Amino acid sequence: MQIASWNVNSLRVRLPQVLTWLEENPVDVLAIQETKTQDPGFPLEEILDAGYRVVFSGQKTYNGVAILAKQKPEDVITDIPQLDDPQRRILAATIAGVRVINLYVVNGSEVGSEKYAYKLDWLEKVIAFIEEEKSRHEQVVVLGDFNIAPDERDVHDPEKWNENVILCSQLERSALEKLCALGFSDTFRQFEQEEASFSWWDYRSGGFPRNQGLRIDLILASAALSSVCSFSRIDKTPRAWERPSDHAPVIAEFKI
DNA sequence: ATGGTAGTCTAACTA
């Protein structure tokens, strides 16, 4: 079973790229973030025609998450009891017995800001939700745009992207560690990887051609899945396409 | 360089 995640930065703009990518990479599950699409305008037909089922939770202009899957998504959750939040950032579904939790984690703007406080509160509540989900399911994948670079290896310039900077701050990283301590493994780090492997490059100042990026898109797996993970990688190719998302897709395979 | 680019939607926000 291959499971992927991609922040597409507007599904309407990126739909042709998503469909092309799925033809070349016929994964079983694709978790999408930043659809920026309200549910009535969701491109349902095009995705069904591509042979995928789909569930989604969108809003106007910002955020929005979707899960595309070859098999039927069941027990879909868009809201959690811990958080009364109009922002569409969470989508959980069970696909072929695997609990898939798709997250578009809050960016947080800058350390110390109101948005940063919201990010930390959001993370705490989502982690509590995931703990409950994990007690109910053996095979769990938590994936998406985490807007957190786990450690120094995941930033192009650790001097610039230090522990006082958004996406890298101590409190963000310890929240991620707390999540992993529930029994999740960052599948990317289970394998030998090239140095300077990133999943996001700022549109500004030629980030991609200079490989000035961060690895903030993650696929975390519970022990039952991480033990059967055969690869986990970043596919940089769509980032080099014309009019790309600022994120590249990430893929992991589980031999189940 | 308190810049730069992209998306949503035409002003200003979010990233």
Side-chain angles (χ1 to χ4, degrees), chain A residues 5-21 30-43 46-47 56-66 83 85-91 102-123 126 143-150 154-157 159-169 171-173 175-176 198-218 234 236-250:
Chain A
S5 172
W6 193 2
N7 178 324
V8 298
N9 187 20
S10 171
L11 183 56
R12 266 173 283 167
V13 171
R14 233 64 68 187
L15 182 63
Q17 294 191 17
V18 170
L19 297 177
T20 299
W21 188 81
L30 173 61
I32 290 178
Q33 305 84 35
E34 281 206 274
T35 61
K36 298 186 173 180
T37 304
Q38 293 178 95
D39 291 350
F42 193 90
E46 293 92 328
I47 290 168
F56 44 85
S57 177
Q59 68 179 87
K60 193 176 148 90
T61 311
Y62 302 117
N63 309 316
V65 280
L83 205 61
D85 190 350
Q87 299 195 23
R88 305 290 81 196
R89 298 178 174 276
I90 302 170
L91 187 60
N102 178 16
L103 302 180
Y104 174 46
V105 175
V106 177
N107 174 285
S109 187
E110 53 184 291
V111 173
S113 67
E114 213 169 289
K115 292 195 180 85
Y116 181 70
Y118 166 59
K119 179 178 197 171
L120 296 176
D121 181 62
W122 189 95
L123 282 164
V126 170
L143 79 173
D145 177 357
F146 280 72
N147 271 318
I148 303 172
D154 304 309
V155 305
H156 69 88
D157 181 354
E159 302 260 311
K160 182 185 172 193
W161 294 92
N162 61 55
E163 294 208 328
N164 303 309
V165 173
I166 197 71
L167 313 186
C168 301
S169 76
L171 291 175
E172 292 166 85
R173 282 176 170 166
L176 180 60
F198 307 123
S199 67
W200 170 82
W201 302 260
D202 203 313
Y203 284 123
R204 297 165 287 190
S205 56
F208 184 66
R210 298 160 189 250
N211 196 32
Q212 294 179 346
L214 306 181
R215 190 176 70 92
I216 55 177
D217 298 271
L218 311 178
I234 299 164
K236 280 173 73 168
T237 54
R239 186 63 179 80
W241 290 348
E242 209 173 313
R243 208 179 176 191
S245 166
D246 45 352
H247 294 252
V250 296

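A quick note: this is a predicted structure, and the numbers were derived from the prediction, not measured. Convention: sequence-line order gives letters A, B, ...; per-chain numbering from 1.
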>> In whole Å, measure the gap between the P atoms of B:dA12 and B:dT2 for me.
In response: 22 Å
>> Let me spell it out: for each of A:E34 and A:L11, pick the nucleotide of DNA chain B with the closest heavy atom. Which residue's pick is nearer the 5' end?
In response: A:L11
>> Tell me whether the count of non-hydrogen atoms from other residues, nucleotides or ligands lying under 6.0 Å of CD in A:Q87 goes above 12.
In response: yes
>> Please enumerate all residues that pass side chain to side chain donor-acceptor pair (under 3.5 Å) together with A:W122, with sequence neighbours excluded.
In response: none
>> Which is more 5' along DNA chain B, the nucleotide nearest A:G108 or the one nearest A:S10? Just name the residue.
In response: A:S10
> When the distance from OH of A:Y62 to P of B:dA15 is rounded to whole Å, what number comes out?
Replying inline: 8 Å
> Expressed in angstrom and rounded to an integer, what is the separation of A:I148 atom CD1 from B:dA15 atom P?
Replying inline: 14 Å
> How long is the line joining CZ of A:R89 and P of B:dT14, in whole Å?
Replying inline: 11 Å
> When you compare B:dT5 with B:dA1, how far apart are their C1' atoms, in angstrom units rounded to a whole number?
Replying inline: 16 Å
>> Using the ring-ring contact (aromatic ring centres under 6.0 Å, His included) criterion, which residues pair with A:Y116? Sequence neighbours excluded.
In response: none
>> Tell me the interatomic distance from A:R14, atom CZ, to B:dA6, atom P, rounded to whole angstroms.
In response: 10 Å
>> Expressed as a whole number of angstroms, how long is the span from A:W201:CH2 to B:dA6:P?
In response: 16 Å
> Of all residues at least two apart in sequence or in a different chain, which pass the ring-ring contact (aromatic ring centres under 6.0 Å, His included) check with A:F198?
Replying inline: none
>> Under the rule for side chain to side chain contact (heavy atoms under 4.5 Å, CB included), what residues qualify as partners of A:Q17, not counting sequence neighbours?
In response: A:W6, A:R14, A:W241
>> Donor-acceptor check, side chain of A:D246 to backbone of A:D202, threshold 3.5 angstrom: yes or no?
In response: no
Please produce a list of atom pairs where a protein N or O lies less than 3.5 Å from an N or O of nucleotides 2-5 of chain B.
none

> A:R239 near the nucleic acid: base, sugar-phosphate alone, or nothing, with a heavy-atom cut-off under 4.0 Å?
Replying inline: nothing
> CG of A:N107 versus C1' of B:dG7: gap in Å, rounded?
Replying inline: 15 Å
> Reckon A:Y104 touches a base, only the sugar-phosphate, or nothing at all at heavy-atom distances under 4.0 Å?
Replying inline: sugar-phosphate
>> Name the residue from A:N102, A:N9, A:N7, A:N63 that meets the side chain to side chain donor-acceptor pair (under 3.5 Å) definition with A:Q33.
In response: A:N102
What nitrogen or oxygen pairs link the protein and nucleotides 9-11 of chain B at under 3.5 Å?
residue, atom, partner, partner atom, Å
B:dC9, OP1, A:T61, OG1, 3.3

> What interatomic distance, in whole Å, is found between C1' of B:dT14 and the corresponding atom of B:dG4?
Replying inline: 15 Å
> Relative to each other, are the rings of A:H156 and A:W161 parallel, tilted or perpendicular (30° and 60° limits)?
Replying inline: perpendicular
> Rounding to a whole Å, what distance do you find between A:Q33:CD and B:dA15:C1'?
Replying inline: 14 Å
> Rounded to the nearest 0.5 Å, how far does SG of A:C168 lie from CG of A:D154?
Replying inline: 8.5 Å
> Say you draw a straight line from CG of A:L167 to CZ of A:R215; how long is it, rounded to the nearest 0.5 Å?
Replying inline: 13.5 Å
> Taking atom C1' in both B:dA11 and B:dA6, what distance in whole Å separates the two?
Replying inline: 16 Å
> Considering only the P atoms, how many Å lie between B:dG3 and B:dC9, rounded to the nearest integer?
Replying inline: 26 Å
> For A:W241 and B:dA6, what is the distance between atoms CH2 and P respectively, to the nearest whole Å?
Replying inline: 18 Å
